[in-house]
Amino acid sequence: MEENVKLTQRGVLQPYRVLDLTDNKGYFCSKILAELGADVIKIEPPGVNLSIEKGPYYHGKYGLERSLLWMAFNTSKRCISLNLGLTQGQEIFRQLVKTSHFVIESLPPGHMDDKGLGYNVLSELNPQIIMTSITPFGQSGPYRDYNDGDLVVSALSGFSYLSGDQDRAPLRFSVEQSSVQAGSQAAMAILIAHHYRQLSGEGQYIDVSMHECMALCTWVQKPEWAYLKNMYRRQGVRQFRSHASARVIWPCRDGYVAWRIWTGGESHFTEAFINYMNSEGMGQELAGVKFGISYDEVTQELIENWERPIGEFMLRHTKSELVDAALKWGFTLYPVNTPEDLLDNNQLKARDYWVEVEYPDFGVSVSYPGAPFKSTAPMWQISHNAPLIGEHNKEIYTELGLSLENIAELMRNNVI
């Protein structure tokens, strides 16, 4: 029992090794496993790697390991360089598979098979291996060989259609979502397969389509169309109810807040806000308005007449002033937080959400999102910063029985 406690404190996946052949499509998947305690070995080709070159870069200065994408999603992993384009590199990879438990890759469909490193081959070397492929459209179907990209996958999944304003073209969500969604779903599938392996002793192959993961994000809209034949409308900063729309995102003195005009049974929230306005000598024209009318009685003209004085009032106040007033007066209002706001958020601070990760090469400490859950026994932790390419070549290749002379020769031959 004592040993189990120690193991849990180091991470529930501490005894297990992951070979990570992914680019940005799979970074988050292996990060989840690494911070649950697995020994994730990030495998990168020696020399220039276009997936790591993707900006933005730390302080805007170009460098392979200065990519913020690399720094964000590769914490807690070790890294080796290995050229899978060479026969000798492929053989070294097969040797690594024999002592590993998971393989994750995001190469084009069929690429691993072409190199003699597909699941059929690897499972003969290690029958318990769980291999996961993360690709834009999966290993089969007419889109199988299409090129990827967050915009491509988001648009084809229907996700982009839901973003933006009703009277304008659909928008791409500003931060890439498809790789994070695919990484989350792939990690969940891997853990399910791992549980099955513990019961049966059998490994398996997992095929993850980013397209399908993003389509899952639109699951609410699918039944709306299937059962109601109602096409979801992009709402932007406004929310549609019946035949009228009301603003839900409001500019204020130092940013934006989320608030809406409630009518019908929830009208007391609006009346509380009007009372707040009146207490500061504003919104007198709204003091006698009966907001308890039904949605069907609310016209667009009425809403716009209400919104004008409310909008002027919002612009006179900061986010924190409006939030404090919401707590005092009893109406619903929320700040639209910026990244800077989140770092200073009292709720996140109180729960020790942010974790400081040291980067000695840059001489800085960077705040990272920590565990996405709290548990009685600690199971998730960031153990160290994102590695340099080939940083762990010596320790991992000596584990395979290679001498320092062997390693030096492999480097000269561009194998590692």
Side-chain angles (χ1 to χ4, degrees), residues 157-171 173 215-337 347:
S157 70
F159 186 77
S160 295
Y161 181 83
L162 306 178
S163 304
D165 295 303
Q166 185 188 23
D167 58 347
R168 302 181 67 183
L171 294 176
F173 199 81
L216 183 66
C217 296
T218 65
W219 69 270
V220 173
Q221 284 69 48
K222 299 297 194 303
E224 187 172 344
W225 174 254
Y227 299 118
L228 302 177
K229 292 296 181 283
N230 180 47
M231 181 62 73
Y232 180 86
R233 294 187 287 183
R234 291 182 294 280
Q235 302 199 25
V237 299
R238 306 189 70 82
Q239 185 176 58
F240 291 84
R241 286 292 184 93
S242 187
H243 51 278
S245 71
R247 176 174 284 275
V248 291
I249 303 296
W250 299 76
C252 62
R253 205 166 81 198
D254 62 347
Y256 297 88
V257 292
W259 181 82
R260 59 160 295 178
I261 296 173
W262 293 92
T263 59
E266 296 88 10
S267 60
H268 60 282
F269 291 121
T270 306
E271 290 162 0
F273 187 87
I274 302 306
N275 291 337
Y276 165 47
M277 292 177 63
N278 295 164
S279 74
E280 296 193 1
M282 293 188 68
Q284 300 303 326
E285 65 268 53
L286 301 175
V289 173
K290 301 298 182 183
F291 291 99
I293 59 178
S294 70
Y295 289 123
D296 292 336
E297 297 177 87
V298 178
T299 65
Q300 193 64 49
E301 182 181 4
L302 260 182
I303 287 178
E304 291 173 4
N305 287 336
W306 298 340
E307 287 180 344
R308 277 191 290 273
I310 292 171
E312 292 173 6
F313 181 79
M314 293 282 195
L315 288 170
R316 290 173 177 259
H317 295 79
T318 64
K319 288 183 285 189
S320 62
E321 289 171 349
L322 292 167
V323 169
D324 289 343
L327 296 170
K328 176 181 177 180
W329 290 86
F331 57 84
T332 56
L333 179 144
Y334 313 94
V336 179
N337 284 329
Q347 173 69 15

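- Annotation: side chain of I303 is not in contact with side chain of S245 (no heavy-atom distance under 4.5 Å).
- Rounding to the nearest 0.5 Å gives a distance of 8.0 Å between CG of D324 and OG1 of T318.
- Between F313 and F273, the ring planes are perpendicular. Angles over 60° get that label, and only those under 30° would be called parallel.
- Separation of atoms OG1 (T299) and CD (E304) is listed at 8.5 Å; rounding is to 0.5 Å.
- Looking at every heavy atom in both residues, K319 comes nearest to P335 through CD-CB, 4.1 Å.
- Taking OG1 from T270 and CZ from R260, the interatomic distance works out to 8.0 Å, rounded to the nearest 0.5 Å.
- Contacts of E285 classified as salt bridge (Lys or Arg N to Asp or Glu O under 4.0 Å), with partners at least two apart in sequence or in another chain: none.
- Of the inter-residue distances, the one linking F269 atom CZ with L333 atom CG reads 12.0 Å to the nearest 0.5 angstrom.
- For the pair I249 and P251, the tightest heavy-atom approach, listed with the atom from each and the gap, is O-CD, 4.1 Å.
- The minimum heavy-atom distance between P309 and L286, with the atom names listed, is CG-CD1, 3.7 Å.
- Contact annotation: the side chain of I274 never approaches that of V289 to less than 4.5 Å [non-hydrogen atoms, C-beta and beyond].
- The two residues V248 and Q239 have their closest heavy-atom pair at CG1-CB, 3.6 Å.
- For the pair V298/I293, a side-chain contact is recorded, criterion being any heavy-atom separation below 4.5 Å from C-beta on.
- Side-chain contact between L322 and W259: absent, with no pair of heavy atoms (C-beta onward) separated by less than 4.5 Å.
- Minimum heavy-atom separation, F159 to C217: CD1-CB, 3.9 Å.
- Counting only heavy atoms from C-beta outward, the side chains of E307 and W250 approach each other to under 4.5 Å.
- F291 is linked by a ring pair (Phe, Tyr, Trp, His ring centres under 6.0 Å) to W306, counting only residues two or more places apart in sequence or in another chain.
- When side chains are defined from C-beta on, R316 counts as touching M282, because their heavy atoms get closer than 4.5 Å.
- The minimum heavy-atom distance between C252 and H317, with the atom names listed, is CB-O, 3.3 Å.
- Taken from CZ in R238 to CD in Q300, the straight-line distance is 5.5 Å, to the nearest 0.5 Å.
- Rounding to the nearest 0.5 Å places NZ of K290 at 7.5 Å from CD of E271.
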